[in-house]
Q: 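Quick one: the structure is below, and I'll ask about it shortly.
Reminder, nothing fancy here: chain letters follow the sequence lines and each chain counts from 1.
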Amino acid sequence: MRRSSKNISAAEKEGKIGRISQLPLRVALKFTFQNMRIRFGREVLAAGGTFLGTAFLMATFMLNTVRHAIEKEIPPDIQARAIWIASVALVVCTIGITNSMLIAVSERFREIGTMKCLGALDSLIVRLFLLEALFLGISASLGGAILGFVSSFLVHWGRYGWGELIAHLPVGGILQNFLLVFIIGVALTVIATIWPAYRASRLPAAAALRIEV
Amino acid sequence: MAIAEYIVRTKDLVKEYIMGDTVLRALDGVSLDIKRGEYISIMGPSGSGKTTLFNMIGGLDRPTAGSVFIDEVDIAQLDAYELAWLRCRRIGYIFQTFNLIPVMTALENVTLPMIFAGLTTDEAIEKGVELLKLVGLGDRLHHKPNELSGGQQQRVAIARALANDPGIVLADEPTGNLDLRTGKEIITLLKKLNQERGVTIISATHDLKMIDVSDRVVWIRDGKIERIEERAQLEISVGEIGGEEI
């Protein structure tokens, strides 16, 4: 963007043009929370993909962990197939989040343009969208992992009976699964939002003047 | 350095948009000098290049050729950070659709540009309250935009535009979404701010009520300045077009 650095330094010397400062994190956090509260329904839909994807992944991982603990051996092809299906589910949910976020960007074009007119930098817009994705990812992944754990636990309870399951329950392994699934869910949600956030940041400030939606 | 007489100058401004195979020339050599403290209306039919000129003056878009000087700084020379600073500190924007941030209260909307400018929260709140009182909304500080009427929302937007004491307030059809009476109130408020605070007001509009308060009216047609009318001439022409008014 910089066309001539010479003229800028001249302008700066005269104290005419300064540089914009960043929005404090506290303000950005508050803004993101309010934003998500007001668009709660939309956020739930966007988070649905991550929620179900992580639930499925958790159930798959736990299936492997529990069977491994109880039966000592499971055929590798079953294990591989389960992980393959879970991965496909995660890719689909990532695409779903990207899509929801792109819609959110086009819905908020005027708001984004206005923020830019008021002095927001591109990086702030990216930061706001990524913060939103982070919160979405955390809540959806946590919920999804819990759902996956509960449903998988019920299935195994039915399969082995209470006594057998509790006696052999691999707590450490399940906790590891849980943590891994949670991290994957959050990471994928944030990664899925990078492109929409970039798109949002590239919207021109003049978008604030557009009237049609 | 002495304060320049002209707060905004455009020189041979050209803006072309490429629409498929054809090149649309939205602005065709516009040179306009705007004095500090003036109240200027840019008038013209839709598609005349009014909004394009408005975008150029506001640093919202870059010209194809020619230059825009704000306080004698060529804005084409600024990088993204400096342009953001210019928009934040030097220019206040008012929009036809008000454009308040829906999740923020009136006060939060007004303080946002001050926080961008680096003020502390306490300073910003103190000044925000003062500005909202100035526009007559001292009792609506904590209302969200959807709890305010159109006229009230536009008053919040005016307070927000004044947040960092800009030299210029750019208003794009500020009365376009308001009824006749509320529109008049907004125009009166803008004129009052222009006179009392010395802020330069540049308004793109086709609201003829604006003519009464304008120091100059710039008529745009087909991307060119058709004519510029001074206050003295305006009294006569308003009489002539009086029949068209509303």
Q: What residue, out of Ala205(A), Cys117(A), Ala206(A), has the most heavy-atom pairs lying under 4.5 Å from chain B?
A: Cys117(A)
Q: Please flag which part of Asn99(B) lies under 4.5 Å from any non-hydrogen atom of chain A: side chain, backbone, both or neither.
A: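 Both backbone and side chain.
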Q: Listed by chain and number, what are the salt bridge (Lys or Arg N to Asp or Glu O under 4.0 Å) partners of Arg39(A), not counting sequence neighbours?
A: Glu111(A)
Q: Determine whether Phe116(B) and Leu124(A) make a side-chain contact, defined as any pair of heavy atoms from C-beta on separated by less than 4.5 Å.
A: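 In short, these two side chains touch, coming nearer than 4.5 Å.
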Q: Does any heavy atom of chain B fall under 4.5 Å from the side chain of Arg108(A), the backbone, both, or neither of them?
A: neither
Q: Taking 4.5 Å as the heavy-atom cut-off, does anything in residues 102-114 of chain B contact chain A, and if so which residues?
A: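 If one takes a 4.5 Å heavy-atom cut-off, the residues of residues 102-114 of chain B near chain A are Pro102(B), Val103(B), Met104(B), Glu108(B), Leu112(B), Pro113(B).
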Q: How about Leu154(A): does its CG atom have over 12 heavy atoms from other parts shown lying under 6.0 Å from it?
A: yes
Q: Within a 6.0 Å radius of atom CG on Asp222(B), are there more than 12 heavy atoms belonging to other residues, nucleotides or ligands?
A: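 Not more than 12 within 6.0 Å, no.
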Q: Do other residues, nucleotides or ligands put more than 12 heavy atoms under 6.0 Å from Arg199(A) CZ?
A: no
Q: Using side-chain heavy atoms (C-beta onward) and a distance below 4.5 Å, is Cys88(B) in contact with Leu118(A)?
A: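 Answer no - side chains too far apart.
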Q: Could you grab the distance from atom NZ of Lys116(A) to atom OH of Tyr93(B), nearest 0.5 Å is fine?
A: 12.0 Å
Q: Inspect the surroundings of CD in Glu126(B) and state if more than 12 heavy atoms from other residues, nucleotides or ligands are less than 6.0 Å away.
A: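 Open.
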Q: Who pairs with Ser151(A) by side-chain hydrogen bond (donor to acceptor under 3.5 Å, both in side chains), at least two apart in sequence or on another chain?
A: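 Once residues adjacent in sequence are excluded, Ser151(A) has no partner under the side-chain hydrogen bond (donor to acceptor under 3.5 Å, both in side chains) criterion.
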Q: Counting only heavy atoms from other residues, nucleotides and ligands, does the tally under 6.0 Å from NE2 of His143(B) exceed 12?
A: yes
Q: Using a cut-off of 6.0 Å, state whether more than 12 heavy atoms not belonging to Lys11(B) lie near its atom NZ.
A: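 Open.
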Q: Taking only residues two or more places apart in sequence, or in another chain, which ones meet Ser152(A) in a side-chain hydrogen bond (donor to acceptor under 3.5 Å, both in side chains)?
A: His156(A)
Q: If you round to the nearest 0.5 Å, how far is CH2 of Trp85(B) from CG of Leu121(A)?
A: 13.5 Å
Q: What is the distance from atom OG1 of Thr114(A) to atom CZ of Arg160(B), rounded to the nearest 0.5 Å?
A: 6.0 Å
Q: Quick check: are there more than 12 heavy atoms from other residues, nucleotides or ligands sitting under 6.0 Å from OH of Tyr198(A)?
A: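 For Tyr198(A), atom OH is not crowded (no more than 12 foreign heavy atoms under 6.0 Å).
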